[in-house]
Amino acid sequence: MKKRILSLLMASIMVLGLAACGGKEEPAPEATPDTSQEQGGQETEAPAEQPAAAEGEKILYSNTGPVEFFEVPWWNLGQYVHSKLLFETLIGIDNDMNPTTETGMAESYELSEDGLQLTITLRDGLKWHDGQDVTLDDVVWSIEQVMTPGAGMANNTLKQTCEGIEGTQDYLDGKTEQPAGIELVDDKTIVLKFATVQPSVMLAMSLFPILPKHCLEGVDMTQIQQDPFWQSPVGSGPFKLEEVKIGEYATFAPFEDYWDGVADFKILLNASSAESDDKLVTNVKAGLIDYAYTKMYSDVQALRDVEGVTIDTVPVNYTRWFMVNQYPKAAGETNPLSDKRVRQAIAYAIDKATICEQIFEGAAMPGTGTLTPTGSNWKVEGLEEYAYNPDKAKELLAEAGWDSSRELKLAYYYTDQQTVDLMAIVQQQLAQVGIKVNPYLLEGDVPGQLNTAPTADGLAGVQWDLAYGALSALSPLDYYSRFAEGSSGTWHGPYDETLGAMVNEMLSTADVEKQMATYAKIEEYYADEIPYIALYYQPVWVVTSEKVAGNVSKWGNPQFYMQWDIQNWTLK
Amino acid sequence: MAKYIGKRILMFIPMALLMSFLIFGGMELTPGDFVSNMISPDMAANMTPDELNVLREAYGLNDPFLIRYVKWLGQIFQGNWGYSLSSGVPVKDIILQRLPVTLELALTGLVISAILGSVLGIVSALKRGSLLDHTLTLAGVIGMSIPQFFFGMVAILLFALNWKIFPVGGRTTPDMVHWWEHLRYLVLPALVLGVTQTASVMRYSRASMMDSMHKDFVKAARSKGLPEWRVNLVHGFRVSMTPVVVLLALRLPMLVSSSVVIENVFQWPGIGVTFKEAVSAGNYPLVMMIALIIVIMVLIISLVLDILTRVLDPRVRLE
């Protein structure tokens, strides 16, 4: 009997121990485009040896091979290398996130002056990897799937744009077989008519990978990721899947029918997650990666002196910030964070420049009064930057009648050491001006804890006062679209009618000049109100071995589809 | 003995049921669910609660705990192990693919630790009090104190990155033709796993050997004038191995579960890493089956152990 009890006990300990090992992974931050590129390469010399390839065969090694499945590319629009290899977007996109016909399925496109009609003509001879023709049926089917309710695997901007097509509701209600706003002119040309202006329509269609209807027709969109197709997908991109061992590697062969050139090398992807590949440094040093990107500056520090490895910095729309909860947590209370002077004081009290210097060695840029990264051509210069000024912070707190015995709950959800260090620094700096904060790690239902709408009687839906997180925007417009009425940006503070009206104005036109003019007004207003506080703007880093160094003159945002022209790379 | 084995096998059922309920309950107590783990916080910021709810409904996460448990159990009794929530791949396929990979690593590690540990332990016992004994004891203490991941990282740094003798990790590559070609990928993780387990086996076998060397039957053998090597190896060693075998056998399922660290360090695509990912993702059909298999392994091995103990030590009686 004792042995049985012992056995049971051991089994329990083992299972629990193993379960404990399955701690939270760092949430993968959302992908981000950039609008202005500048690359600062740090180059050294020759890399480590690579596994033997067949004689005469050239292989490019990379990461983000499938751990469990190939991800549906409608969610993270090109975040994974395999998404970019396998699938092609409807309209092409260049390395500044502008639409182009140099890549993509569209031979031509035209957006009407009022922004309500988009005409797209497909190229001739487009093929799927299984030999079937790419047709407008595939395009229409893809649009219809993305607009399906509960399509959890579709990017929000993409989904909203597709939902903006005329007749969507009638189609979803089953009244029509196809949204009325989708018109097929001939077998190559499609016209999309929108009910209202979709401010990100060109970006959305340029990042929209078309999937093969003949392989996926009938699939339940809420569970599309679980379809067997994603164990061995068929696409129309420059490389086709050759062999896959899920959780180990995937190899890709050049697609001989690709319209824009055929590569003379294969690609092997090691299985790993996209942005938090904890084996990146080891695998680069071992010569198992020729191309990858990272958001971890610690990777850059570990790799910058490795021979033959080049690291390029790519600025992107990625802002680390403090979300601020302005709602009271109990009836009759007023949340002091609803006073902009307190928020401004917090911004002044944090030495963002020193943090960027110490943690990122200057590779990240300190946050200013607005959310748009420094260097973006959308950013309005000359506004309040909230440079470190503890005296000013104290002054503002005194004016606001700040109660220094109050403790703010500071939530965060990244588990890396960099974040832990940052929380400690912020805690110390805020304490110096009389603001006590208690940093704590969010676990479990992180999305729910971060984003819960306030109660009907105006009490906070979240428990924290400040939350450290990431804001990644598909386009500059995205930075402020969350402040439109009813969006999740209003869940942490009362709807700001002035800000909301300006955002609505900006989103109601497809004219970029008009958008930029309103954007400038928004930034000016925002810099004074700072509903959320920008801490720093972070780039991403592209890591390449000498095998590909020099082939690419300018990187696009590697987290998205870009004009990387990989099939025409020349490997050493 | 057949009756005894039959009774023990029957006992497996309530034990496995109890364990499955405890594991399912444990998963339930963990904050978050599959949907909240599947969607990154940044992404969820753009999704409404209704959209999240549609996904939860689709994955059957809105049912109460007991209903979900009973549904899961019902499927198991029908021979349906379910599907991975994240990939949609049948759980059976995942386990059949990943478990042998881990067993390969765990068994190799076990053999290494068994041979090294028992040989060094016996040598240490026979040379009790000598410099060699003290050195091995010290090495054993150090070996037990160093975490596996550290050993693994040092091994990668030395043998893979610096000296380039073995690969940094992985198990197979596309250009492999013969099965044995992947053995070079096995060496480093198995050695690290084996060596880190050696210390405890060594200390156990040393204590056991010293104990058996003082038994009457050893003295009797020696008084018969048998050569010392025969006294040590045939009489002392055989009996001293009984508790060591118990330790080793019970260690196998533990190696399967604890291999998660080694698998992670060496990018070994086994069941440990799969389990870790499933727990992180709230992928309960996969977690439940892997856990259940480990439980069953422990139960089976404890039964086999009883039988082995009887074979090794005729004084033992099974009841």
Side-chain angles (χ1 to χ4, degrees), chain A residues 3-4 7-8 10-12 14-19 21-25 27-30 49 51-54 67-69 149-150 152 156 220 222-223 225-228 231 243 245 247-249 251 268 270 279 282-283 285-286 288 413 443-448 450-451 453 469-470 472 488, chain B residues 11 15 19 22-23 26 30-33 36 39-47 49 51-52 54-55 58 83-84 86-89 156 160-161 164 167-175 250 253-254 257-258 260-261 267 269 272 274-280 287 291 294-295 298-299 302 306:
Chain A
K3 254 180 210 162
R4 276 174 225 157
S7 302
L8 259 182
M10 289 183 70
S12 315
M14 236 163 31
V15 170
L16 291 174
L18 199 53
C21 288
K24 277 272 172 295
E25 295 292 312
E30 212 173 319
E49 63 182 50
V67 175
E68 290 183 85
F69 46 75
N156 203 44
D220 174 2
T222 58
Q223 297 194 39
Q225 185 63 82
Q226 286 72 38
D227 193 87
Q231 296 294 306
E243 184 192 354
K245 278 201 168 182
E248 296 189 50
Y249 62 82
T251 58
L268 186 149
N270 300 301
K279 300 295 179 298
T282 306
N283 285 344
K285 286 182 176 175
L288 292 173
Y413 52 84
E443 292 182 287
D445 183 9
V446 175
L450 278 179
N451 296 296
S472 53
S488 60
Chain B
M11 282 293 290
M15 284 183 181
M19 286 304 298
L22 290 177
I23 298 162
T30 312
D33 60 16
S36 61
I39 298 168
S40 75
D42 301 346
M43 185 70 79
N46 292 319
M47 294 181 76
E51 283 175 314
L52 292 172
V54 167
L55 288 176
Y83 296 84
S84 161
S86 50
S87 66
V89 174
I156 287 175
L161 293 178
K164 301 185 186 351
V168 289
R171 183 171 175 267
T172 53
T173 56
D175 55 348
L250 282 174
M254 277 188 165
S257 58
S258 66
V260 63
V261 176
Q267 304 168 60
T274 306
F275 191 49
K276 171 184 167 280
E277 282 160 4
V279 171
S280 300
V287 171
I294 293 175
V295 168
V298 171
L299 294 175
S302 73
D306 285 349

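The structure presented is a predicted model; accordingly, all values stated were derived computationally and were not measured. A note on names: the letters A, B, ... follow the listed sequences, proteins ahead of strands, and every chain is numbered from 1.
The two residues B/Ser86 and A/Phe69 make their nearest non-hydrogen contact at O-CE2, 3.1 Å. The two residues B/Val168 and A/Ala286 come nearest to each other via the heavy atoms CG1-CB, 3.5 Å. Looking at every heavy atom in both residues, A/Gly247 comes nearest to B/Pro269 through O-CB, 3.8 Å.
Residue contact with chain B, scored on non-hydrogen atoms closer than 4.5 Å, involves the side chain of A/Gln231 exclusively. Neither the backbone nor the side chain of B/Thr274 comes within less than 4.5 Å of any heavy atom in chain A. Using a 4.5 Å cut-off between heavy atoms, A/Thr282 contacts chain B through both its backbone and its side chain.
Between A/Asn283 and B/Gln267, some side-chain heavy-atom pair lies under the 4.5 Å cut-off.
When each of A/Glu68, A/Gln225, A/Gln226 is paired with B/Ser87, the side-chain contact (heavy atoms from CB on, under 4.5 Å) condition holds for A/Glu68 and for no other.
Distance CD/A/Glu248 to OG1/B/Thr172: 3.5 Å, rounded to 0.5 Å.
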